[in-house]
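Here the structure comes first, spelled out in structure tokens, and everything after it is commentary.
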Amino acid sequence: MEKHKQSLPTPATMFADESLILWTLCAVLVPVLITLWCSFQRSRRQLYQKDIFRKSKHTWRDTDLFSQPTYCCVCSQHILQGAFCNCCGLCTGEDCLKKADRQFQCKEIMLRSDKIDQNGMDHHWIRGNVPLCSYCLVCKQQCGNQPKLCDYRCIWCQCTVHDECLESLKDEKCDFGEFRSLIVPPGYLNNISRRGTDKKTDYVKLAVPFGIQWTPIIILANTRSGNNMGEGLLGEFKMLLNPVQVFDLTEIPPSKALQLCILLPDNSTRVLVCGGDGTVGWVLDAVDEMKIKGQEKYIPQVAILPLGTGNDLANTMGWGAGYAGEIPVAQILRNVMEADAIELDRWKVQITKKGYYNLRKPKVFTMNNYFSVGPDALMALNFHAHREKTPSLFSSRIINKAVYLFYGTKDCLVQECKDLNKKVELELDGERVDLPNLEGIIVLNIGYWGGGCRLWEGMGDETYPLARHDDGLLEVVGVYGSFHCAQIQVKLANPVRIGQAHTVRLILKSSKMPMQIDGEPWTQGPCTVTITHKTRAKMLYYTGEQTDDDASSTSEQEHTQETEATDEDM
């Protein structure tokens with residue numbers, strides 16, 4: 001009986017147990033409720049911001065942390081998070097966003113009639129948050145070095161001025177600054193709109209006030225290319241240029257964006273394509289459509305900012321193997337201004353399926369870089385199939401190349417493309433070529449292949465003339481497999497040089513093989529592939545930076561030419 005009494009819980013013990021349970025529930029529920037409340041407030045704030053962003057004339061972009069000390073344009077307080085305008089650079093805190101949108105005007109892509117001045121356009125000043133290391137236009141002293149909202153910046157010419165020096169620039173007109181030769185002024189667009197749709201409008205006369213050196217630029221950016229840097233670049237270009245010149249290719253196709261060229265003087269426009277080689281090909285196809293429509297005199301010259309993974313065409317044109325933000329946008333525009341005009345051969349690839357009773361029309365593609373059948377096409381095919389399943393994993397250029405390496409290593413063990421020489425026949429300019437025991441054939445139009453490898457020139461004592469992209473000739477090489485491709489890329493082996501030709505015909509007699517054109521792969525059954533010259537594109541070549549491969553290949557070519565000249569003299 002005593003033992004039974006001792007086992008019964010006392011009121012104090014029961015109270016302690018209930019208190020422990022209560023505190024445990026509080027410890028669990030309070031953080032959950034706080035998290036839910038914060039999530040609710042964040043969603044309300046985001047909806048509020050989106051509603052303002054949607055109705056605003058500014059192109060607001062919110063941020064959780066500004067990259068430099070920033071002050072609100074309305075309340076002048078220091079802010080860590082808020083929003084900034086991609087076009088004019090206006091910065092504001094979250095609480096002042098609506099006031100800033102109502103109080104300040106963004107860049108005008110076209111002047112209103114009441115603002116037209118025959119003597120030029122006034123400066124458009126924005127106070128505070130001037131760029132670091134900027135200097136006053138009047139006194140030449142540093143601006144923006146005080147810990148407060150101070151000094152002014154013109155959103156067109158990008159010049160800065162102190163608060164106390166602004167009065168001396170009251171009557172001065174804006175000359176659009178360093179990039180005046182690239183900007184489409186609002187006054188020019190206003191003159192065009194006043195003339196309406198008159199086909200007799202002489203755009204050359206309208207451009208006279210801007211000088212003969214006026215070569216306006218159009219920015220076409222693919223925000224899905226490479227490291228997804230396109231969105232940030234769009235904003236930076238809008239700040240330096242007229243926003244009407246900057247297009248997002250995920251929203252507007254290049255065929256529509258290039259119609260701006262028709263409103264500009266003949267043969268004056270330049271286009272900067274921000275994306276990979278596939279994006280460049282997309283833009284060049286739109287340029288070809290302009291030729292079909294009889295708009296040849298408006299054809300622009302095309303420069304490239306490489307954002308993709310391979311970027312072989314950009315590398316061939318001197319723009320580098322990839323852009324990762326190491327060069328300021330202003331320097332990119334300077335490089336475009338200094339670039340030289342050249343031409344690029346474009347080729348028609350016609351694929352006719354095998355069979356006498358096939359009534360389908362042949363498939364026709366356009367090639368800028370290269371066509372291949374074999375292991376490199378197989379790697380591209382596996383990569384694309386994997387990216388289609390999990391696109392979120394392929395947002396980094398390094399990850400993309402690692403996946404390529406994985407599939408290349410896998411093919412070294414499996415050898416899915418072996419005995420290619422028994423499955424295909426190759427003709428160069430109508431003459432059949434006997435093939436060795438190969439696994440792949442690559443038809444080149446440009447100097448670079450496989451993400452930066454010079455495939456045709458070779459190495460060591462076995463050097464060949466540089467492959468040109470404007471000579472109307474294709475270079476045809478062969479590889480023994482994926483391992484041979486890897487050796488070529490690290491300069492431990494040479495490809496099998498088959499020859500050069502104006503027309504290439506490849507006949508796939510049996511089975512299915514992986515093929516690719518400019519990085520776009522597919523699996524192809526028995527067919528005949530015919531590659532012929534199609535047209536030439538106007539490109540811009542930048543000579544300011546030269547890779548080690550370029551320098552070595554150029555020096556080797558110069559040495560060969562000097563040796564040949566010496567032999568002839570002897």
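Looking only at distances, a side-chain donor or acceptor of R270 sits under 3.5 Å from a matching main-chain atom of V336. Listed for the N368 side chain is no donor-acceptor partner under 3.5 Å among the backbone atoms of D518. Judged by distance alone, with hydrogens and angles left aside, the side-chain atoms of N222 form no donor-acceptor pair with the main-chain N or O of C274 at under 3.5 Å. D470 places no side-chain N or O within 3.5 Å of a backbone atom of L344 that could act as its donor or acceptor partner. Looking only at distances, a side-chain donor or acceptor of W319 sits under 3.5 Å from a matching main-chain atom of L540. For the pair R224 (side chain) and T250 (backbone), a donor-acceptor distance under 3.5 Å is absent.
Relative orientation of the H533 and W347 rings is perpendicular, given thresholds of 30° and 60° on the angle between their planes. Ring-plane geometry between Y188 and W214 is classed as perpendicular, the angle between the planes exceeding 60 degrees on a 0 to 90 degree scale with a lower cut at 30.
One distance of note links CG of N369 with CD1 of I442; it measures 12.5 Å at 0.5 Å rounding.
With respect to E425 and R505, no salt bridge is recorded, no charged nitrogen being found less than 4.0 Å from a carboxylate O. The pair E343-K538 fails the salt-bridge criterion, with no side-chain N (NZ, NE, NH1 or NH2) lying under 4.0 Å from an Asp/Glu carboxylate O.
Contact annotation: the side chain of Y298 never approaches that of P265 to less than 4.5 Å [non-hydrogen atoms, C-beta and beyond]. The side-chain heavy atoms of F365 and K348, taken from C-beta on, include no pair separated by under 4.5 Å. At least one side-chain heavy atom of T279 sits under 4.5 Å from a side-chain heavy atom of L249.
Shown here are the ring-ring contact (aromatic ring centres under 6.0 Å, His included) partners of H502, two or more places apart in sequence or in another chain: there are none.
Side-chain polar atoms of Q524 and W522 form a donor-acceptor pair below 3.5 angstrom. Inspection of the Y541 and D340 side chains reveals no N or O donor paired with an N or O acceptor under 3.5 Å.
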Evaluate side chain to side chain contact (heavy atoms under 4.5 Å, CB included) for L444 paired with L474, printing each intermediate quantity in order.
CA-CA 6 Å; L444 298 161; L474 295 166; over 6 Å; no
Give the intermediate values and the outcome of side chain to side chain contact (heavy atoms under 4.5 Å, CB included) for residues T532 and V349.
CA-CA 7 Å; T532 55; V349 181; over 6 Å; no
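With a 6.0 Å radius and a threshold of 12 heavy atoms from other residues, nucleotides or ligands, E326 has its CD atom above the threshold. Residue K509 places its NZ atom among more than 12 non-hydrogen atoms of other residues, nucleotides or ligands, all under 6.0 Å distant.
Under the 6.0 Å distance and 45° angle rule, R454 counts as a cation-pi partner of Y448.
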Under 3.5 Å donor-acceptor pairs involving side-chain atoms of residues 287-294, not counting sequence neighbours:
residue: D288; atom: OD2; partner: R346; partner atom: NH1; Å: 2.2
residue: K291; atom: NZ; partner: T535; partner atom: OG1; Å: 3.2
residue: K291; atom: NZ; partner: R536; partner atom: O; Å: 2.9

Contacts under 3.5 angstrom, residues 232-243 side chains, donor-acceptor by atom type, not counting sequence neighbours:
residue: N242; atom: OD1; partner: V244; partner atom: N; Å: 3.2
residue: N242; atom: ND2; partner: I109; partner atom: O; Å: 3.3
residue: N242; atom: ND2; partner: V184; partner atom: O; Å: 2.8

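Here the closest non-hydrogen pair linking P254 and L220 is CB-CD1, 4.4 Å. Taking every heavy atom of both residues into account, M337 and S181 meet most closely at CE-OG, 3.5 Å. Between D277 and A314, the closest heavy-atom pair is OD1-N, 3.8 Å.
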